[in-house]
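Read the numbers this way: they start at 1 and go in the same order the structure lists the ligands and their atoms.
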Amino acid sequence: MNDKPDLNSMIGAEPARSGLGVEALKRDIVDNLICLQARYPEIATPHDWYMALAYTVRDRMMTRRVATTHTYVARDAKVACYLSAEFLIGPQLGNNLINLGIESSTRAALDALGLDLDALLAIEEEPGLGNGGLGRLAACYLDSLSTLEIPAIGYGIRYEFGIFDQEIREGWQVEVTDKWLQKGNPWEIQRPDVAFYVKLGGHTESETDVQGRYRVRWVPAYTVKGVACDTPITGYRVNTCNTLRLWKSEAVESFDLQDFNAGDYYEAVHEKVQSETLSKVLYPNDEPEAGKRLRLAQQYFFVSCSLQDMLRLLALKGEPIARLPDMFTAQMNDTHPSIAVAELMRLLIDERQVPWDAAWDITRRTLAYTNHTLLPEALETWGLPLFQSLLPRLLDIIYEINSRFLDEVRRRFPGDDARLARMSLIDEHGARRVRMANLATIGSHAVNGVAALHSKLLEETVLRDFAQMWPERFHNVTNGVTPRRFLMLGNPGLAALLDETLGDAWRTDLGKLRALDQYADDVAFQDRWRGVKQDNKQTLAAQIRNATGIIVDSSALFDIQVKRIHEYKRQHLNALYIVTLYQRLRRDPELALTPRCFVFGGKAAPGYAMAKLIIRLINGIAEVVNDDPVVKGRLKVVFFPDFNVKNAHFIYPAADLSEQISTAGKEASGTGNMKFMMNGALTIGTLDGANVEIREEAGDDNFFLFGLSADEVERVKGDGYRPASFVDGNQELHEALEMIGSGHFSRGDRDVFRPLVENLLHADPFLVLADYAEYVARQHDVSAAWQDPRRWTRMSILNTAYSGKFSSDRAIREYCEQIWKIAPVKIAL
Ligand SMILES: *Cc1c(COP(=O)(O)O)cnc(C)c1O
C-alpha cells in the first residue's frame, strides 16, 4: 500500500502564492497565518486572520508588480509621476480583491475556514494620509492609472500619524492621534536600498571649479535620509500593478559617533529623533498654515527624494539627462510639491553640471501643475527668512528664475510695473514672501484647474497674468472618482443590478451607464432600484445606531452632507434649514412634513474655531430635535463621527439627497458630489465647481439648483453686502438665528453660539443669509418631489445614468492626452 501523502491534493493544482482558486487561497491563508503571523488557527485572533488574508492577496499582486516593472524598463515606457503631499487611499483589502477579481473565491475560501470576509474587511485600519478631497483625488487617480495600464508612480510622504481620528464629546470635536501603523501594515514594502539624502539649513558657498566654471556648494546644517515605502496599486482586471512610493525620513547615521565618543549620548540621539520627526505627522489643515517650518521641510523632503528617484530610474534605463521629459512627467497636485521647480533645477545644475538654459528647458518640459483653489488665503506663500534659513540654495535658484522671468515679462509688456509686481515670484508687499503658485506656473509646461468653472475663474483671477502670457499652457481637467471603489465596493447591490441590466462593461467604461435611461420609467426596474437604495439606507441606519446610538427610520428621506467642515462649504446653511423646519413643527405640530434624516460628517481643522463651532451646533440641534415629542420622529439629525474613506463606502450609497451647497466660486470641483450622483442621489446645489457639469449631464429637471452664481457673489460683495438686510425681510430666518442665539441648542448657554450668529449677522463672508431663502424654497421642491416616489426614482436612475463623465478613468485619459502624452503599456504575466 502507498502511505505517502498525496502532495498534489494537499497543495492543489495551483501554484503557491499566485493561484486564484478557492483551494489555493485557503491553503495560502493558513500558510501565511503560520509563516508570517506565527500563529496557528486555534489561537489566531481576527486581526491575525486579517493579516494572513492581506498577505495572501499581496502575494498575488507581487507577480504582477514584478512583471509591471520589468515591462516598463524593457519597453522604455514614459512614466507619469504624481507628486502629492496627500494620498487618502482608504482600506486596501476590498479594493484589491475586486481588482484581482477574487472576491467571491476569497469569500468561499474564508467560509471553508469558518471565517467571514466582511468581518475581516472591517478590521482594516484606514490609512488616513490625507485631509479630504485633494488626497482622495490622488488615490482615485492611482486606481485609474493602473486600470488604464498607464505606467505611473505616486510619490508622497509616509506619515506615521495621518489625519486625526475624530471623536465627539459633549457635542464638540475631539482629536485623537491616528496610530494607523500600530499593528503593522501588510501592504507596505520598505525598500532600504532605495534611499536618498536631503539637505536642510546651513548656507551656500560659491567657487570656481577646475574648468573655470562658477559653482555653488550647499553646506547644510544637517542631512536626512528618505527611505522608500512602497504600496502596490492594482488595476481592475489587468496585470498592471503600479507603485505608490512614500518617503519615510530617517537619520543619516543612527548615532553620531563624535558626540557619542565625547560622552554626549543624548545629543547624538536628539539628531536621530529630529530627522525622524520630518515624516511623523500630516498637517491636519485644508489650508496652508502660515510659516510652519516643518511643513516646508516635509514638502522639500518628499519632492527631493522623488526627483532623485526619477533621475535614478532614468539612469537605470540608460537614458541621458536631456531625455528626462521624454521618459517622465511629474504632475504637481496643488502647490505642495511646487518646490520641485527649483529642486529639479538644483539637481541638474549643481549635481549634474547641466547649463542653466538646458536645465530650465528640461524642468519646464517635465513638470505640470494642477491648481486646487481660488481662495486667496489658501494660496501658499513662505516668508523669506524661513525659506532662506531652511533652503538657502533653493532661494538662490528662485531669485535667478525670477530675474530671468521678469526680463521676459518686461519684453512682452514694457512699462507695466504693476504686472511685474503681480507676477513676481516674490511678494514685495509687507514682509517679503515666496509665491508658490507663481513658481509652479512658471516652471510648468501645463497648468490646469479641476472643473470647467474653476479653470475659467483661474484664468480670470489668480493666474490671469500668466494666462495672458501663455494661453496655450492652460487646460481644464474636471476631476473624477473611481467607480470600482465608490460603486462596486461601496454599493454591491447597485453594482449587481447594473451588471444584470447592462452587462459589466460600465465598470471600466462608465459612459455605458447612459443606457439606463431606457429603464427610468420601467415600474419593475424602479421597484428594484428603490429596493437597493432601501437596503443601503438600512445598512447606514445600523451604522448610525452603532456609532451614535441614534435610531433613524430608513424610510425617511436621507439628506446627507459629508465633507470637511468649512464655512465656504456652508454646513451652517443646512443647519439653519433644519432649525427652520423644527420651528414650523413647533408652530404647527400637525404640519404635513416630509420625514427627513439629516446626516452630517466631516472633520474640522483643529485650529479652525468656527468650523468646530459648526460641529457643536449640529450636535446641539440633534440633541434637541431628535428627542422633542412635538417632532414625532419626523426629523432626525445625525453627526456621524470620524468621516473617512472606510465609512464613506456605506454613506454615499445610502443618500437620497446630496448637499453641495458651497458659496459659488469657492469649491474648485468637489468629488463627493460625483460619488453621490453615481450612487443615485439627487443633488441640491449651487452653481459651483463640478456641480455645474453635474447639472449639465443630469439635466436641469434632475437637479435642485439654488443660490447666487459666482459672478453674482462677486457683485454682491462688491456692492457692500449687508447680511442683516436679509434677516429684516425674512421672519423664519430671523427666528432661526434668534433660537440659536437663545441657548436653545446649547442647554441654555447663550454664549456658545454667539460668535457664529454674530459673524453671520455682521460679516457673513460666505453669503449664507443671502442664499437662505432660495435654499429653503428649493428644499420645499425636494420634499414635493419625494412625495411622488415614481418621479423621485426616475430622477435617481437618471442621475446614475448620466454620471459617466465623472469617472476618474475619463479624467486620467484627459491628462494622458492633453498634458502627459503617455500611452498605455500592456503587461503580460
Ligand atoms: C470624496 C471625499 C472627500 C471630498 O468630499 P467633497 O464633498 O468633494 O469635499 C472628502 N473626504 C473623503 C473621505 C472622501 O471620500
Undergrad: Check for me whether the distance between the ring centres of Y608 and H566 falls short of 6.0 Å.
TA: yes
Undergrad: Is a donor from one side chain sitting under 3.5 angstrom from an acceptor on the other, for N491 and Y652?
TA: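 Per modelled atom types, N491 and Y652 side chains form no pair under 3.5 Å.
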Undergrad: Where is the nearest protein heavy atom to atom 7 (O) of ligand 1: which residue, which atom, and how far?
TA: K563 NZ, 2.7 Å
Undergrad: Is there any N or O on G672 that sits under 3.5 Å from an N or O of ligand 1?
TA: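 Yes - when backbone and side-chain N and O of G672 are compared with those of ligand 1, one distance drops under 3.5 Å.
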Undergrad: What protein heavy atom lies closest to atom 4 (C) of ligand 1? Include the residue and the distance to one decimal.
TA: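 Scanning the protein heavy atoms, the shortest distance from atom 4 (C) of ligand 1 goes to G133 CA, 3.5 Å.
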Undergrad: Can the positive tip of K666 be found less than 6.0 Å from the middle of the six-membered ring of Y568, inside 45° of the ring normal?
TA: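 Cation-pi check for K666 and Y568: fails.
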Undergrad: Is K183 paired with E125 through a side-chain N to carboxylate O contact shorter than 4.0 Å?
TA: no
Undergrad: Give me the residue, atom name and distance of the protein heavy atom closest to atom 8 (O) of ligand 1.
TA: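 For atom 8 (O) of ligand 1, the nearest protein heavy atom is T671 N, 2.8 Å.
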Undergrad: Which atoms of ligand 1 have any heavy atom of G670 under 4.0 Å away?
TA: 8 (O)
Undergrad: Using a 4.0 Å heavy-atom cut-off, which part of Y652 comes near ligand 1: side chain, backbone, both, or neither?
TA: side chain
Undergrad: Considering the heavy atoms of N644, write down every atom of ligand 1 situated less than 4.0 Å from one of them.
TA: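 Under 4.0 Å from N644, ligand 1 has these atoms: 13 (C).
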Undergrad: Below 4.0 angstrom from a heavy atom of G132, which ligand 1 atoms are there? Numbered from 1 as shown, please.
TA: 10 (C), 11 (N)
Undergrad: Any salt bridge linking D656 with K537? Criterion: basic side-chain nitrogen under 4.0 Å from a carboxylate oxygen.
TA: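 Yes, this pair counts.
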Undergrad: Starting from atom 11 (N) of ligand 1, locate the nearest protein heavy atom and write down its residue, its atom name and how far away it is, to 0.1 Å.
TA: F643 CE2, 3.5 Å
Undergrad: List the steps, then state whether side-chain hydrogen bond (donor to acceptor under 3.5 Å, both in side chains) holds for R484 with N99.
TA: CA-CA 8 Å; R484 270 75 62 186; N99 284 2; 5.0 Å; no
Undergrad: Does at least one non-hydrogen atom of K569 fall below 4.0 angstrom from an atom of ligand 1?
TA: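 For ligand 1, residue contact (heavy atoms, under 4.0 Å) with K569 is present.
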Undergrad: Taking the ring of F639 and the ring of F600, is the distance between their centroids below 6.0 Å?
TA: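 No, they do not, as the ring centres are separated by 6.0 Å or more.
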Undergrad: Report the part of K675 (side chain from C-beta onward, or backbone N, CA, C, O) that has a heavy atom under 4.0 Å from ligand 1; answer both or neither where that applies.
TA: side chain
Undergrad: When you check the side-chain N and O atoms of Q660 and E667, is any donor under 3.5 Å from an acceptor?
TA: no
Undergrad: Select one of side chain, backbone, both or neither to describe which atoms of V481 lie under 4.0 Å from any atom of ligand 1, heavy atoms only.
TA: neither
